[in-house]
Visitor: 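The following block contains the structure, expressed as structure tokens.
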Amino acid sequence: MGYRDSRVDDYIAKAAPFAQPILRHVRKLAHKACPNVTETIKWSFPHFDYRGIMLGMAAFKRHCAIGFWKGELVVGRTAGGDGAMGHFGKITSLNDLPSDRQLLAYVRKAAELNEKGVGKPRVKPARAKRPLTIPDYLSTALSQNKKAASNFERFSPSHKKEYVDWITEAKREETREQRLQNAIEWIAHGKPRNWKYMRQ
């Protein structure tokens, strides 16, 4: 059998009047869907565990939130997107909850994932973009042509990078010098590096 934590009773009792029926309902469905669920308090909010965290619920001044630990695997990409934590947006009444049938299915899915030992999906950290390094010889050439310098400044980062890569990848100095001259001429006319292949 599952375990009911008296701290969850206290949490619900201290919640705003509108929140209490919501929290009680979610609690009831969590136990119905997973009879072996264990209640606890984590990060100051009630959580429901079964072989690991399944879901948590929270009450705020004007809304409640419900979040599944393995949210994307349980409910898909349905995150509220309205500034609320959790997966169903800001819940202010029982009508804002998914249907009982749907919520029971979500809890069963969360329990099944934990039972199978499926881990929480890892979120890849966003790579910080490195600032583009302009070689000195390109900077010098641009400074000697006001039109080219002005156009280059307005170019998108990708267009700037295309020119920098093209010039710096030259293996011979003569090739690099020729590319540099062509680049300055094209840039002065506002042309990106691959202008020849662009539709007119």
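Worth saying up front: this structure is predicted, and the values here are computed from it rather than measured.
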Visitor: Apply side chain to side chain contact (heavy atoms under 4.5 Å, CB included) to residues H47 and T38 and explain how you reach the verdict.
Guide: CA-CA 8 Å; H47 281 74; T38 297; over 6 Å; no
Visitor: Give the minimum heavy-atom separation between G119 and L73, together with the two atoms involved.
Guide: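 So the minimum-distance heavy-atom pair works out to O-CD1, 3.9 Å.
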Visitor: Looking at every non-hydrogen atom in both residues, tell me the closest pair between P21 and L94 and how far apart they are.
Guide: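 Here P21 and L94 meet closest at O-CD2, 3.7 Å.
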Visitor: Establish whether L97 and L23 are linked, either directly or via other cluster members, by ILVMFWY side-chain heavy-atom contacts under 4.5 Å.
Guide: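 Yes, one cluster joins them.
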Visitor: Taking atom NZ as the centre, does K146 end up with more than 12 heavy-atom neighbours from other residues, nucleotides or ligands that are less than 6.0 angstrom away?
Guide: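 No, the 6.0 Å shell around NZ holds no more than 12 heavy atoms from other groups.
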Visitor: Indicate yes or no: does R193 engage D165 in a salt bridge with an N to O separation below 4.0 Å.
Guide: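 No, R193 and D165 are not salt-bridged.
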Visitor: With sequence neighbours left out, what residues match W186 under ring pair (Phe, Tyr, Trp, His ring centres under 6.0 Å)?
Guide: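 In terms of ring pair (Phe, Tyr, Trp, His ring centres under 6.0 Å), with neighbours along the sequence ignored, W186 is linked to W166, W195.
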Visitor: Run through the side-chain heavy atoms of Ile, Leu, Val, Met, Phe, Trp and Tyr, join any pair under 4.5 Å, and report what else lands in Y3's cluster.
Guide: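 None, because no other hydrophobic side chain comes under 4.5 Å of this residue.
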Visitor: Do V107 and V74 have side chains that get closer than 4.5 Å, going by heavy atoms?
Guide: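 No, every pair of side-chain atoms sits at 4.5 Å or beyond.
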Visitor: Are side-chain heavy atoms of V164 and I134 found at a separation under 4.5 Å?
Guide: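 Yes, close enough: below the 4.5 Å cut-off.
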Visitor: Would a 4.5 Å heavy-atom cut-off, applied to side chains only, mark L138 and I184 as touching?
Guide: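 When only atoms from C-beta onward are counted, I184 and L138 do touch, with a gap below 4.5 Å.
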Visitor: Considering all heavy atoms of both residues, which atom of F45 and which atom of A58 are nearest to each other, and what is their separation?
Guide: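 Heavy-atom minimum between the residues: CD2-CB, 3.4 Å.
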Visitor: Within the 4.5 Å heavy-atom criterion, are V37 and M54 side-chain neighbours or not?
Guide: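 Yes; the side chains approach each other to less than 4.5 Å.
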Visitor: Closer than 3.5 angstrom, by distance alone: can the side chain of H87 be matched with the main-chain N or O of F68 as a donor-acceptor pair?
Guide: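 Here the side-chain-to-backbone pair exists.
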Visitor: Mind checking side chain to side chain contact (heavy atoms under 4.5 Å, CB included) for K32 and listing every partner two or more places apart, or none if nothing turns up?
Guide: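 K32 satisfies side chain to side chain contact (heavy atoms under 4.5 Å, CB included) with L104 once adjacent residues are dropped.
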Visitor: Would you mind reporting whether I187 and F155 have side-chain heavy atoms less than 4.5 Å apart?
Guide: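 In contact.
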Visitor: Partners of K116 by side chain to side chain donor-acceptor pair (under 3.5 Å), sequence neighbours excluded?
Guide: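 Expected list: E112.
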Visitor: What distance do C34 atom SG and L29 atom CG have between them, rounded to the nearest 0.5 Å?
Guide: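 Rounded to the nearest 0.5 Å, the SG-CG separation comes to 12.5 Å.
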Visitor: Taking C-beta and beyond as the side chain, do L142 and E153 meet within less than 4.5 Å on heavy atoms?
Guide: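 A side-chain contact under 4.5 Å is absent here.
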Visitor: Please examine the side chains of D9 and R27, heavy atoms only from C-beta on, and report whether any two atoms are closer than 4.5 Å.
Guide: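 They are in contact (side-chain heavy atoms under 4.5 Å apart), so the answer is yes.
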Visitor: What distance separates I22 CD1 from I12 CD1, expressed to the nearest 0.5 Å?
Guide: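 Between I22 CD1 and I12 CD1, I get 11.5 Å after rounding to 0.5 Å.
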Visitor: So which heavy atom on K61 is nearest to which on A16, and how close?
Guide: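 Minimum heavy-atom contact is O-CB, 4.4 Å.
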Visitor: May I ask you to establish whether R176 and Y137 are in a cation-pi arrangement, using a distance under 6.0 Å from NZ or CZ to the six-membered ring centre and at most 45° from the ring axis?
Guide: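 Checked: cation-pi criterion met.
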Visitor: Search all heavy atoms of N151 against all heavy atoms of G190 and return the closest pair with its distance.
Guide: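 Shortest heavy-atom contact: ND2-N, 3.3 Å.
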Visitor: Would you say the side-chain atoms of K70 and N114 include a donor-acceptor pair closer than 3.5 Å?
Guide: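 Checked: K70/N114 side chains pair up, N/O donor to acceptor below 3.5 Å.
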Visitor: When you measure from the side chain of E39 to the backbone N and O of R4, does any donor-acceptor pair fall under 3.5 Å?
Guide: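 Flag not set: sc E39 to bb R4 has no pair under 3.5 Å.
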Visitor: Can you see which heavy atom on Y50 is nearest to which on E115, and at what distance?
Guide: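 Heavy atoms of Y50 and E115 come nearest at OH-OE2, 2.7 Å.
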Visitor: Using the test side chain to side chain contact (heavy atoms under 4.5 Å, CB included), find all partners of Q178 that sit at least two apart in sequence or belong to another chain.
Guide: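 Counting only residues at least two positions away or on another chain, Q178 forms a side chain to side chain contact (heavy atoms under 4.5 Å, CB included) with Q181, N182.
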Visitor: Indicate yes or no for a side-chain donor-acceptor contact from H189 to the backbone of E185 under 3.5 Å, with no hydrogens or angles considered.
Guide: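 Answer holds: yes.
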Visitor: Is there a side chain to side chain contact (heavy atoms under 4.5 Å, CB included) between V75 and F88 once you walk through the steps?
Guide: CA-CA 10 Å; V75 302; F88 309 108; 3.9 Å; yes
Visitor: Is the NZ atom of K191 crowded by more than 12 outside heavy atoms at less than 6.0 Å?
Guide: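 For K191, atom NZ is crowded (more than 12 foreign heavy atoms under 6.0 Å).
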Visitor: Name all pairs fulfilling the ring pair (Phe, Tyr, Trp, His ring centres under 6.0 Å) condition that reach into residues 7-41, sequence neighbours left out, sorted by first residue then second.
Guide: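 As it turns out, there is no ring pair (Phe, Tyr, Trp, His ring centres under 6.0 Å) pair with a partner in residues 7-41 once direct neighbours are skipped.
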Visitor: Would you say the side-chain atoms of S150 and R154 include a donor-acceptor pair closer than 3.5 Å?
Guide: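 A pair is found: one side chain offers a donor N or O, the other an acceptor, under 3.5 Å apart.
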Visitor: Given side chains that start at C-beta, do those of P46 and I41 come closer than 4.5 Å, heavy atoms only?
Guide: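 With C-beta onward as the side chain, the pair touches.
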